[in-house]
Amino acid sequence: MRPVKYKINLLPSEKETLEKLLKKQSTPQNIARRAKIILLTDNTDKSYTAIAKALNILSCDITKWTQRWVKRSDIKDAEERLQDNPRSGRPSEITPEQWCQIMALACEKPENHGVPITHWSHSTLTREILKQGIVETISQSHVGNFLKRLNYSHTAVSIG
């Protein structure tokens, strides 16, 4: 049997925190699965393959999360150590202030801006955002996704 690559030796407080995470119903499943990985690899002679089989996951997942646990030892909060790495991608070019302006506009009546409808549609709201110069470019789907994330239901299909 191969020796484990990343040895986990949990402190009693870390073990207690991970066990509490598993018991909490509000713990996201991915965090709970990672907590199980760390708990099962703590001071064990079992192989990653055996642990992966018990959890019905791939052994590379065991390696990935034990490695991250060890490398993130500077992070004291156990749940934070089990979080995903930040995703790559282009940062938003729209500032929080601009989003506030967009939200404020969405709360106003279209008639106040010379738009002959009773409720904003994503397309008419997007056109007004661009017309007012709040942002240089923005797509209808971006506006719609923003409003959806906010649970904003005051936009409707335009009438007329």
Side-chain angles (χ1 to χ4, degrees), residues 1-107 119-123 125-126 129-130 134-157:
M1 179 169 58
R2 269 185 351 194
V4 295
K5 195 168 184 177
Y6 301 98
K7 189 76 173 147
I8 303 295
N9 293 306
L10 294 174
L11 299 171
S13 61
E14 291 173 325
K15 190 171 187 169
E16 183 182 335
T17 301
L18 292 172
E19 287 170 347
K20 282 181 182 176
L21 277 174
L22 288 176
K23 290 177 184 173
K24 272 178 41 181
Q25 290 184 343
S26 61
T27 300
Q29 289 299 301
N30 59 341
I31 299 296
R33 184 173 35 258
R34 295 164 191 171
K36 282 181 194 173
I37 289 169
I38 301 305
L39 285 167
L40 289 173
T41 55
D42 180 38
N43 273 329
T44 187
D45 293 331
K46 289 183 182 178
S47 69
Y48 286 176
T49 306
I51 295 168
K53 191 173 184 179
L55 293 175
N56 198 26
I57 61 175
L58 300 173
S59 60
C60 62
D61 288 333
I62 306 287
T63 304
K64 174 180 170 178
W65 287 104
T66 53
Q67 177 187 21
R68 285 190 185 177
W69 184 265
V70 170
K71 287 186 175 183
R72 294 175 172 178
S73 62
D74 59 318
I75 300 172
K76 297 305 174 202
D77 181 72
E79 189 170 2
E80 190 178 335
R81 282 173 87 173
L82 299 174
Q83 295 294 326
D84 285 317
N85 285 333
R87 300 275 181 189
S88 62
R90 193 173 84 187
S92 178
E93 294 177 9
I94 301 174
T95 66
E97 292 80 15
Q98 289 169 317
W99 283 121
C100 287
Q101 289 176 319
I102 291 169
M103 189 67 219
L105 178 61
C107 292
H119 292 79
W120 291 111
S121 67
H122 294 167
S123 62
L125 182 58
T126 301
I129 291 166
L130 296 172
I134 295 172
V135 293
E136 286 185 32
T137 60
I138 190 167
S139 68
Q140 290 177 34
S141 61
H142 203 158
V143 170
N145 289 336
F146 170 70
L147 296 173
K148 185 177 180 181
R149 278 195 312 272
L150 293 174
N151 252 349
Y152 186 76
S153 60
H154 288 71
T155 58
V157 178

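Position 1 is the first residue of the sequence; numbering continues from there. Side chains are part of it too, since the values below use all heavy atoms of this structure and drop only hydrogens, waters and symmetry mates.
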J.: Could you work out, with side-chain hydrogen bond (donor to acceptor under 3.5 Å, both in side chains) as the rule, every residue matching Q67, not counting sequence neighbours?
T.: Y6
J.: Please report the C-alpha distance between W69 and L18 in whole Å, then the side-chain angles of each, then the deciding distance to 0.1 Å, and finally whether the side-chain contact (heavy atoms from CB on, under 4.5 Å) criterion is met.
T.: CA-CA 12 Å; W69 184 265; L18 292 172; 4.1 Å; yes
J.: First locate atom CG of L130, then atom OG of S139, and finally report the distance between them rounded to the nearest 0.5 Å.
T.: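 Reported value, rounded in 0.5 Å steps: 9.5 Å.
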J.: I'd like to check the side-chain contact (heavy atoms from CB on, under 4.5 Å) partners of T95; sequence neighbours left out, ordered by chain and number.
T.: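 Checked T95 against side-chain contact (heavy atoms from CB on, under 4.5 Å); matches are E97, Q98.
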J.: What are the two closest non-hydrogen atoms of E80 and R72, and how far apart are they?
T.: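 Closest approach of E80 to R72, heavy atoms only: O-NH1, 4.1 Å.
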J.: Quick check: are there more than 12 heavy atoms from other residues, nucleotides or ligands sitting under 6.0 Å from CG of N56?
T.: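 Open: at most 12 neighbouring heavy atoms sit under 6.0 Å from CG of N56.
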J.: NZ of K20 to CD of E16: how many Å apart, nearest 0.5 Å?
T.: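 Here the rounded value is 4.0 Å.
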J.: Between N43 and I8, is there a side-chain heavy-atom distance shorter than 4.5 Å?
T.: no
J.: Which pair of non-hydrogen atoms, one from M103 and one from L147, has the smallest distance, and what is that distance?
T.: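 Heavy atoms of M103 and L147 come nearest at SD-CD2, 4.3 Å.
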J.: Rounded to the nearest 0.5 Å, what separates atom NZ in K76 from atom CG in L11?
T.: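 The NZ atom of K76 sits 8.0 Å away from the CG atom of L11.
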J.: Once rounded to the nearest 0.5 Å, what's the spacing between atom CD1 of I138 and atom CD of E93?
T.: 11.0 Å
J.: With side chains defined as the heavy atoms from C-beta onward, is the minimum distance between V143 and W120 less than 4.5 Å?
T.: no
J.: Please report the closest heavy-atom contact between A52 and L58, naming both atoms and the distance.
T.: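 Nearest pair, atom of A52 first, then L58: CB-C, 3.7 Å.
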J.: Sequence neighbours excluded and cut-off under 3.5 Å, please list the side-chain donor-acceptor pairs for residues 31-42, or say none.
T.:
unit_1: R34; atom_1: NH1; unit_2: L82; atom_2: O; d: 2.7
unit_1: R34; atom_1: NH1; unit_2: D84; atom_2: OD1; d: 3.4
unit_1: R34; atom_1: NH2; unit_2: D84; atom_2: OD1; d: 2.7
unit_1: T41; atom_1: OG1; unit_2: I37; atom_2: O; d: 2.9
unit_1: T41; atom_1: OG1; unit_2: I38; atom_2: O; d: 3.1
unit_1: D42; atom_1: OD1; unit_2: L10; atom_2: N; d: 2.8

J.: Using a 4.5 Å cut-off on heavy atoms from C-beta on, say whether the side chain of V135 contacts that of Q101.
T.: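 Sidechains of V135 and Q101: no contact.
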J.: Can you find a heavy atom in the side chain of S73 that is under 4.5 Å from one in the side chain of R81?
T.: yes
J.: Q140: what forms a side-chain hydrogen bond (donor to acceptor under 3.5 Å, both in side chains) with it, not counting sequence neighbours?
T.: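 In terms of side-chain hydrogen bond (donor to acceptor under 3.5 Å, both in side chains), with neighbours along the sequence ignored, Q140 is linked to no residue.
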J.: With rounding to the nearest 0.5 angstrom, report the OG to CD1 distance, S47 to I62.
T.: 9.5 Å
J.: Work out which heavy atom in L105 is nearest to a heavy atom in I134; give both atom names and the distance.
T.: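 Residues L105 and I134, closest heavy atoms: CD2-CD1, 4.2 Å.
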J.: Distance-only criterion, 3.5 Å: show the donor-acceptor pairs between side-chain atoms of residues 22-29 and protein atoms not counting sequence neighbours.
T.:
unit_1: T27; atom_1: OG1; unit_2: L21; atom_2: O; d: 2.7
unit_1: T27; atom_1: OG1; unit_2: K24; atom_2: O; d: 3.4

J.: To the nearest 0.5 Å, tell me how far K15 NZ sits from T17 OG1.
T.: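 Those atoms lie 12.5 Å apart.
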J.: Please collect all ring-ring contact (aromatic ring centres under 6.0 Å, His included) contacts where either partner lies in residues 77-104, sequence neighbours excluded, each pair once.
T.: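 Sorted pair list: W99-H142, W99-F146.
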